[in-house]
**Student:** 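Before I ask anything, here is the structure I am working with.
As the structure is a computational prediction, the values presented were derived from the model and not from experiment.
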Amino acid sequence: MRRAVVGIAAHVDAGKTTLCEAMLYRAGEIRKLGRVDHGDAFLDTDAMEKRRGITIFSKQAILDVHGSVCEGASENGKSGSDVFGHEVDIDKIGKSASSHGADGREHSKNSSQEDDFEFTLLDTPGHVDFSAEMERTLRVLDYAILVIGANDGLQGYTETLWRLLARYNVPTFVFINKMDAAGADKDGLIAQMQQRFSEGCVDFEGDTEPGKQEEVALLDDSGVAMDELLDGGSDGVGYSAGGGRISDDTLRSMVSKRQLFPCYSGSALKLEGIDEFLAGLQRFTKPKDYPSAFGARIYKISHDEQGNRLTWLKVTGGSLKVKAMLTNEHERRKDIRDADNQADATTPLAPNGEKAGVAGAGGNAGNRGFDARKTSRTVGGSDTSEVSSAEIWNEKVDQVRRYSGAKFELADEVTAGDVCAVTGLTKTFPGEGLGFEADAGESVLQPVLTYTVLPGVGDSGNFANAQNAGKGGKTAIFSAADDAGSKADADDRAEKTKGFKTDNASDSSQIARNPTKPAEVTPELHKILVALRTLEDEDPALHVRWVARLCEIHVQLMGAVQVEIITQMMHDRFGIDVHFGPGGILYRETIMAPVEGVGHFEPLRHYAEVHLLLEPGESGSGMRFESRCSLDDLERNWQRAILTHLREKEHLGVLTGSPITDMKISLVAGRGHEKHTEGGDFREATYRAVRQGLMELKAKGECQLLEPWYNFRLQIPQDMLGRAMADIQRMSGTFDAPKSDGDYAELEGQAPVSEMRDYSMEVNAYTHGRGSLTSVFAGYQPCHNAEQIIKRTVYDPETDLENTPDSVFCAHGVGYTVKWNKVPDFAHVDSGFSLDN
């Protein structure tokens with residue numbers, strides 16, 4: 001039996017889940033046709049999905065298509081014509097579910113195994129707030145079905161989906177749904193798709209004219225299709241034009257290469273066009289060839305009703321058996337696996353069994369335990385295949401489950417091309433590759449809003465307030481994650497830090513007294529954080545973060561609907577009531593010039609010194625790390641430990657305390673002590689070296705605040721073009737020369753998210769519903785109002801003891817703190833590195 005993994009994607013309310021339901025029903029997989037609005041759809045298994053009528057989590061269903069089928073199949077007939085007008089016998093598609101056997105399916109006695117096709121359908125969320133879940137699913141698809149509502153046309157999010165499908169190189173079928181709606185125009189929609197998506201969007205329904213056949217042949221870059229059309233070579237089932245036809249094999253090849261995008265139409269709710277679409281899906285897809293070596297891609301983490309952790313994956317090579325031992329240790333990871341084992345071998349254990357922090361003057365390692373968590377596997381654009389030895393795992397597969405809807409069957413073995421959920425794995429994450437598969441890179445769709453999670457039930461208008469903050473005037477443009485609150489709050493924090501005294505070597509008998517302690521964690525906050533970590537395990541895009549200086553928990557979300565869903569999940573799954581503060585923009589920081597940062601950690605009986613070269617990277621490059629240090633100066637195991645400590649933490653900038661990005665950090669020198677150096681010493685020295693370098697650049701004005709920007713496409717009536725151009729300029733955006741299309745004009749450009757996040761509603765208002773705005777995350781660029789944001793944030797990097805830039809030295813058996821700007825003068829190592837090199 002041939003098989004393929006097919007995902008269904010669409011803008012919300014286009015009828016995506018209804019199409020899944022219709023396909024399963026017409027193929028005999030389910031006996032009763034459910035409805036989304038009735039809450040009984042086969043793939044809407046979650047209670048929240050049933051109540052809201054939207055897909056929140058990706059779902060799986062098995063769809064078997066048996067026998068030789070064709071498009072044009074009728075419910076009662078035994079024959080029909082395919083898309084090209086050829087008469088083909090049929091015996092399966094078109095039978096009602098009630099005519100099938102006890103299992104809801106009827107297997108044709110005459111069907112050939114070569115004609116049988118098993119599709120694994122993956123229904124993905126359609127709401128933009130859950131687009132991260134959808135994007136993760138795209139990585140495991142063989143084919144995709146893009147559903148377009150005939151009543152809505154090409155929505156902005158539909159264009160985003162098309163670009164994502166192109167990015168992940170997923171062959172795509174198009175189903176135009178809701179053709180029973182008033183004003184539905186299939187030909188007009190296909191013409192728009194050819195103009196805005198690809199000329200390969202071709203109507204595959206009914207007879208095709210000779211001119212259209214030539215257009216299809218011209219889409220084939222290899223020229224095989226045109227040769228078949230002109231020379232008459234075919235398998236007898238392709239296009240007919242004179243004596244020549246394009247063979248099905250060639251058409252399948254064109255579809256798989258994304259040269260051709262078959263388009264179908266109908267009404268999923270009324271089961272119109274479903275048989276034809278199923279037949280076309282079977283006919284124009286082909287199974288992939290997989291290698292014999294084991295490989296798998298993980299796209300989802302979830303928990304069942306019993307609390308079992310499920311790792312959802314697609315096997316992309318070899319097979320996976322129950323009780324098999326799996327590991328995330330790739331060959332390219334082995335060269336760093338011994339680093340932490342050697343570096344931390346002598347670090348004492350805390351009472352809870354975790355590595356204890358090293359106490360000392362100015363030291364704060366012991367306070368980091370509450371923020372301990374799994375290392376972020378994607379730090380900007382860093383190589384996610386490089387993981388520390390602490391992350392290397394070897395675990396056994398307990399169960400292999402093949403789901404279809406809410407039910408599953410246990411399997412002893414699954415082979416390449418199968419999608420399954422396995423239990424027994426506790427350290428996997430979405431996007432991880434197993435076997436020969438590499439980890440996935442950074443997602444295109446990322447949350448750019450950050451929210452504060454607060455205990456207890458908030459005001460009834462909490463969600464509306466979060467979404468509408470700043471409406472009617474200026475949009476809320478400062479980050480809740482980094483906002484220090486009011487001026488009174490800032491003064492209060494300053495008052496608390498007055499006792500922190502910094503001394504230098506001129507008075508070595510003195511130690512920093514009365515350091516500011518991070519805010520204490522209440523049991524209630526700890527309980528909330530533990531629950532959020534579980535949700536983050538399932539959705540890494542949440543980026544749950546404990547901000548010690550504010551004693552707050554922050555998460556990154558896509559929008560107000562996701563806020564409501566997280567609130568409900570916290571209540572239903574964990575019995576915890578929370579609410580969210582207003583959402584703010586997630587800023588980042590980078591540098592504009594290179595600098596050498598120095599970190600020294602030497603309280604009594606501890607010693608480590610680290611010299612790092614911080615260099616600006618290209619926009620969007622993320623964080624990169626390497627060692628330029630000679631093995632004669634620092635042992636290999638310590639060098640590996642330093643690189644591990646660089647990767648394991650989200651380092652913060654010194655302007656607003658936002659995460660740093662687009663930077664390359666190189667180890668250029670360091671020193672340890674044979675007797676006194678422990679693993680935690682290099683951790684402290686490494687963190688301090690990063691911050692010390694950043695402070696040096698801040699003093700020179702070489703640090704830069706970044707903000708997220710959108711690529712936008714604005715379509716408006718021609719007479720409102722001037723208003724739109726003025727708005728974009730007011731929002732500090734840029735745009736290309738306007739394009740005119742009859743009565744409508746189109747603007748494309750870029751603008752800050754902080755200014756454009758609510759603009760779609762404004763466009764809808766002043767165009768009276770005739771305009772549309774499409775926005776896609778375009779990455780981070782220099783902040784257009786950096787001074788204003790930095791002033792509002794009220795962040796003082798010198799009083800942030802969780803991320804201190806100062807170093808600790810020792811004299812006469814007493815540790816003392818040296819300010820960041822004096823550290824290079826007291827350093828024990830001369831790196832010999834010149835920024836002029």
**Student:** Quick one: does V12's side chain get under 4.5 Å of V128's, heavy atoms only?
**Tutor:** no
**Student:** My understanding is that only residues two or more places apart in sequence, or in another chain, count here; which of them pass side-chain hydrogen bond (donor to acceptor under 3.5 Å, both in side chains) with T316?
**Tutor:** E437
**Student:** Just by distance, do the side chain of K16 and the backbone of A9 share a donor-acceptor pair under 3.5 Å?
**Tutor:** no
**Student:** Taking all heavy atoms of G581 and all of L454, pick out the closest pair and write down the distance.
**Tutor:** N-CD1, 4.2 Å
**Student:** Please confirm whether the backbone N or O of Q446 pairs with a side-chain atom of S443, one donor and one acceptor, at under 3.5 Å?
**Tutor:** no
**Student:** So does T426 get a backbone contact from the side chain of E395, meaning a donor-acceptor N/O pair under 3.5 Å?
**Tutor:**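 Yes: the side chain of E395 pairs with the backbone of T426.
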**Student:** Give, for atom CD of E524 and atom CG of L529, the distance between the pair rounded to the nearest 0.5 Å.
**Tutor:** 12.5 Å
**Student:** Of all residues at least two apart in sequence or in a different chain, which pass the side-chain contact (heavy atoms from CB on, under 4.5 Å) check with E413?
**Tutor:** S319, K321
**Student:** Which atom pair, heavy atoms only, marks the closest approach of P797 to R691?
**Tutor:**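 Looks like CB-NH2, 3.5 Å.
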**Student:** Around atom CG of N394, are there more than 12 heavy atoms of other residues, nucleotides or ligands at under 6.0 Å?
**Tutor:**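 Result for CG/N394: enclosed.
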**Student:** Does Y403 have K59 sitting over its ring (NZ/CZ under 6.0 Å from centre, angle to axis within 45°)?
**Tutor:** no
**Student:** Roughly how far, to the nearest 0.5 Å, is CG of L161 from CE of M134?
**Tutor:** 5.0 Å
**Student:** Could you tell me which residues satisfy side-chain hydrogen bond (donor to acceptor under 3.5 Å, both in side chains) with D800, sequence neighbours excluded, listed by chain and number?
**Tutor:** Y795, N803
**Student:** Within the side chain of R683, is there an N or O that forms a donor-acceptor pair under 3.5 Å with the backbone of L646?
**Tutor:**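 A pair under 3.5 Å: no.
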**Student:** So with a 6.0 Å cut-off around NE2 of H571, is the heavy-atom count from everything else above 12?
**Tutor:** no
**Student:** Only counting residues at least two apart or in another chain, list the ones meeting side-chain contact (heavy atoms from CB on, under 4.5 Å) with Q306.
**Tutor:** D304, N308
**Student:** Could you report the tightest heavy-atom contact between W393 and T327, atom names first, then the distance?
**Tutor:** O-OG1, 2.8 Å
**Student:** Under 6.0 Å from the ring centre and within 45 degrees of the ring axis: does the NZ or CZ of R401 meet both conditions for the six-membered ring of F408?
**Tutor:** yes
**Student:** With heavy-atom distances below 4.5 Å as the criterion, would you say the side chains of I301 and L310 are in contact?
**Tutor:** no
**Student:** Supply the atom-to-atom distance H543 NE2 to L532 CG, rounded to the nearest 0.5 angstrom.
**Tutor:**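 Going from the NE2 atom of H543 to the CG atom of L532 covers 14.0 Å.
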**Student:** Do T428 and R309 pair up side chain to side chain, a donor and an acceptor below 3.5 Å, judged on atom types alone?
**Tutor:**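 R309 and T428 do have a side-chain donor-acceptor pair below 3.5 Å.
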**Student:** Any salt bridge linking E536 with R533? Criterion: basic side-chain nitrogen under 4.0 Å from a carboxylate oxygen.
**Tutor:**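 Result for this pair is yes, salt bridge flagged.
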**Student:** Shortest non-hydrogen contact from S404 to I62?
**Tutor:** OG-N, 3.1 Å
**Student:** About how many Å separate CD of Q556 and CG of L586, when rounded to the nearest 0.5 Å?
**Tutor:** 4.5 Å
**Student:** Are I566 and V563 close enough that some pair of their side-chain heavy atoms sits under 4.5 Å apart?
**Tutor:**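 Side-chain contact under 4.5 Å: no.
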**Student:** Under 3.5 Å, side chain of E589 to main-chain N/O of L655, donor-acceptor pair present?
**Tutor:**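 Yes; at least one donor-acceptor contact below 3.5 Å.
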**Student:** Which pair of heavy atoms, one from I528 and one from I553, lies closest together, and at what distance?
**Tutor:** CG2-CD1, 3.9 Å
**Student:** Between R297 and E432, does at least one N-O distance fall below 4.0 Å, as a salt bridge requires?
**Tutor:** no
**Student:** In the structure I gave you, are the side-chain heavy atoms of M570 and L535 within less than 4.5 Å of one another anywhere?
**Tutor:**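 Contact flag for M570/L535 side chains = yes.
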**Student:** By side-chain hydrogen bond (donor to acceptor under 3.5 Å, both in side chains), which residues pair with S58, not counting sequence neighbours?
**Tutor:** E133
**Student:** Could you point out which residue of E648, R647, K649 forms a side-chain hydrogen bond (donor to acceptor under 3.5 Å, both in side chains) with H645?
**Tutor:** E648
**Student:** State, without any angle test, whether D123 and T17 hold a side-chain donor-acceptor pair at a distance under 3.5 Å.
**Tutor:**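 Yes - a donor-acceptor pair under 3.5 Å links their side chains.
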**Student:** Taking G405's backbone N and O only, do any of them form a donor-acceptor pair with Q60's side chain (distance below 3.5 Å, no angle check)?
**Tutor:** no
**Student:** With sequence neighbours left out, what residues match D418 under side-chain contact (heavy atoms from CB on, under 4.5 Å)?
**Tutor:**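 Per chain and number, D418 pairs via side-chain contact (heavy atoms from CB on, under 4.5 Å) with R3, E118, R402, V414, T415.
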**Student:** Looking only at heavy atoms, which two atoms of G456 and H579 are closest? And how far apart?
**Tutor:** O-ND1, 2.7 Å
**Student:** Can E538 and R573 be counted as an ion pair, charged N to O under 4.0 angstrom?
**Tutor:**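 R573 and E538: salt-bridged.
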**Student:** Please walk me through it: do D412 and V400 pass side-chain contact (heavy atoms from CB on, under 4.5 Å)?
**Tutor:** CA-CA 7 Å; D412 295 330; V400 177; over 6 Å; no
